[in-house]
Amino acid sequence: AARQNFEDFCEWIITERRSGVSDKHKSLFRLVISEVVKLKRVRNFTIRDLDLDFLYKYQNSLVARKLNAKTVNKRLQVLAMFVGEAVRSGVMKRSEDCFLDFRYLKETESERYIPTSEEVAALEKLDLSFNEELDLVRDLFVFNCYVGLRNADLFNLTYKNLTETDGDVVISLVERKTKKLNRRLVNVLGFGKGVRILQKYRGRDAVYLFPRLTDKKIRDGVVMLRNIIKAKTPFTFYGSRHYCLTDLGQR
């Protein structure tokens, strides 16, 4: 049957079982499919043809491309999702799941890509008035070093999430991932530096606290910022959240 073919089966999973996921996730799913097909070097193989040796071969090929452990594990987790769907669909038996004895790479603390306090200070001092978009990326990054929100929650903050009472500047939101209420005192976290960033962008957008940028522009902007300050740690935007949580834990 068509679904027995690896590519066709995975595409069926994407369009039927996982149709509600974002385009970003679908792109990742299809990237993994293409990498597996390229590495297999045979035509018309089925998902049941994947075995433990192939999983480690795929893992090693990703490591050889100098991808970090988190990225490598994410690719393998996508493949594990397809295998899991094959089991649930009756295409495979549970005992045939090649991930049963597979071990993912260990992600070290450094691979969370947390900036150092010196790097955050260097970012704060940059004069980026020559590049409005890069200036915004820097401000978003530094702001999140103070408030520690998940990326999706930060980028979607609106004026409805902001209250100012008796000197307190508070961001309140229901987190997308946990569905829990989260309140952050912006005038306290980061010694109030976040308030100045909020004031800088007040009124730039009618709805959102910060002007909108695509994920790609944010990622590319962080790379540019790292290069400008000659950062020793390859921090990512998500590292700003970990920086805040680490900083709070040390106080």
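Sequential numbering from 1 along the given sequence is applied to the chain's residues. Note that the coordinates shown come from a computational prediction; the quantities given were computed from them, not determined experimentally. Computation of the quantities below employed the complete heavy-atom set of this structure, encompassing side-chain atoms and omitting hydrogens, waters and symmetry-equivalent molecules.
Panel note: side chain K26, backbone R18; no donor-acceptor pair is recorded below 3.5 Å. Within the 3.5 Å criterion, the main-chain N or O of G84 finds no donor-acceptor partner in the side chain of D97. Here the side chain of N161 pairs no donor or acceptor atom with the backbone of L173 at under 3.5 angstrom. Judged by distance alone, the side chain of D135 and the main-chain N or O of N131 form no donor-acceptor pair under 3.5 Å. A donor-acceptor pair under 3.5 Å is formed between the side chain of D49 and the backbone N or O of T46. Looking only at distances, a side-chain donor or acceptor of Y56 sits under 3.5 Å from a matching main-chain atom of R103. For S89 (side chain) and A86 (main-chain N/O), no donor-acceptor pair under 3.5 Å exists by modelled atom type. Proximity of a side-chain donor or acceptor of T71 to a complementary backbone N or O of L67 within less than 3.5 Å is not detected. Judged by distance alone, with hydrogens and angles left aside, the side-chain atoms of K66 form no donor-acceptor pair with the main-chain N or O of V63 at under 3.5 Å. Put simply, the side chain of Y159 gets close to the backbone of G203: a donor and an acceptor are under 3.5 Å apart.
Under the 4.5 Å side-chain criterion, counting only non-hydrogen atoms from C-beta, E164 is in contact with L162. Considering only heavy atoms from C-beta on, Y58 stays 4.5 Å or farther from L50 through its side chain. The shortest distance between side-chain heavy atoms of C145 and C244 does not fall below 4.5 Å. In this structure, the side chains of V137 and L128 stay at 4.5 Å or more apart for every pair of heavy atoms. Within the 4.5 Å cutoff, the side chain of F82 has no heavy atoms near those of the V36 side chain. A heavy-atom distance below 4.5 Å is found between the side chains of E7 and V37. With contacts defined as side-chain heavy-atom distances shorter than 4.5 Å, the pair Q59/L76 qualifies. The side-chain heavy atoms of K180 and V174, taken from C-beta on, include no pair separated by under 4.5 Å.
The pair R138-E119 fails the salt-bridge criterion, with no side-chain N (NZ, NE, NH1 or NH2) lying under 4.0 Å from an Asp/Glu carboxylate O. Looking at K57 and D53, no side-chain N of the basic residue comes within less than 4.0 Å of a carboxylate O on the acidic one, giving no salt bridge. Checked for salt-bridge contact, R65 and E35 meet the test: a charged N lies under 4.0 Å from a carboxylate O. Salt-bridge check for R17 with E85: passed, with a basic side-chain N closer than 4.0 Å to an acidic carboxylate O.
Taken from CG in L134 to CG in L126, the straight-line distance is 8.0 Å, to the nearest 0.5 Å. With rounding to the nearest 0.5 angstrom, the CZ atom of R48 is 12.0 Å from the SG atom of C98. From D8, atom CG reaches atom CD1 of I13 across 12.0 Å, with rounding to the nearest 0.5 Å. With rounding to the nearest 0.5 Å, the separation of CD in E96 from CD1 in I47 is 11.0 Å. How far CZ of F99 is from CG of D51: 11.0 Å, rounded to the nearest 0.5 Å. A distance of 10.0 Å separates CG of L185 from CD1 of I171, quoted to the nearest 0.5 Å.
Nearest heavy-atom pair, G148 versus R241, reported as atom, atom and distance to 0.1 Å: O-NH1, 2.7 Å. Shortest non-hydrogen contact noted between I33 and C10 is CD1-CB, 3.4 Å. Taking both residues in full, the closest heavy atoms of V21 and F29 are given as CG2-CE1, 4.0 Å, listed atom of the first, atom of the second, then distance. Of all heavy-atom pairs between P115 and T233, the closest is CA-OG1, 3.9 Å.
Clustering of Ile, Leu, Val, Met, Phe, Trp and Tyr by side-chain heavy atoms under 4.5 Å joins L100 with none of the others.
D139 and Y201 share a donor-acceptor pair across their side chains, judged by distance under 3.5 Å alone. A donor atom on one side chain and an acceptor atom on the other are not found under 3.5 Å apart for T165 and D168.
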Which donor-acceptor pairs under 3.5 Å do the side chains of residues 207-214 make with protein atoms, sequence neighbours left out?
| unit_1 | atom_1 | unit_2 | atom_2 | d |
| --- | --- | --- | --- | --- |
| R212 | NH1 | F155 | O | 2.3 |
| R212 | NH2 | N156 | OD1 | 3.2 |
| T214 | OG1 | K217 | N | 3.2 |

Just do the side-chain contact (heavy atoms from CB on, under 4.5 Å) check on V78 and H25 with the steps written out, would you?
CA-CA 9 Å; V78 169; H25 281 91; over 6 Å; no
Please test D153 against N182 for side-chain contact (heavy atoms from CB on, under 4.5 Å), starting from the C-alpha separation and ending with a verdict.
CA-CA 10 Å; D153 292 325; N182 193 328; over 6 Å; no
Evaluation steps, side-chain contact (heavy atoms from CB on, under 4.5 Å), between K74 and L28:
CA-CA 9 Å; K74 185 175 290 187; L28 174 61; 3.9 Å; yes
Would you check, one step at a time, whether the test ring-ring contact (aromatic ring centres under 6.0 Å, His included) holds for F235 with Y243?
CA-CA 10 Å; F235 58 79; Y243 177 90; 9.6 Å; no
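Aromatic pair F6/F9: centroids not less than 6.0 angstrom apart. Residues F102 and Y104 bring their aromatic ring centres within 6.0 Å.
Criterion: ILVMFWY side-chain heavy atoms under 4.5 Å apart, direct or through other members. Under it, V186 and L181 are not part of a common hydrophobic cluster. Both F141 and I228 are members of a single hydrophobic cluster when ILVMFWY side chains are connected at heavy-atom separations under 4.5 Å.
In summary, of the residues considered (V223, V222, D215), a side-chain contact (heavy atoms from CB on, under 4.5 Å) with R219 occurs for D215 alone. Between F143 and the options V195, L149, L198, a side-chain contact (heavy atoms from CB on, under 4.5 Å) holds for only L198.
Partners of E118 according to the salt bridge (Lys or Arg N to Asp or Glu O under 4.0 Å) rule, which considers only residues two or more places apart in sequence or in another chain, do not exist here.
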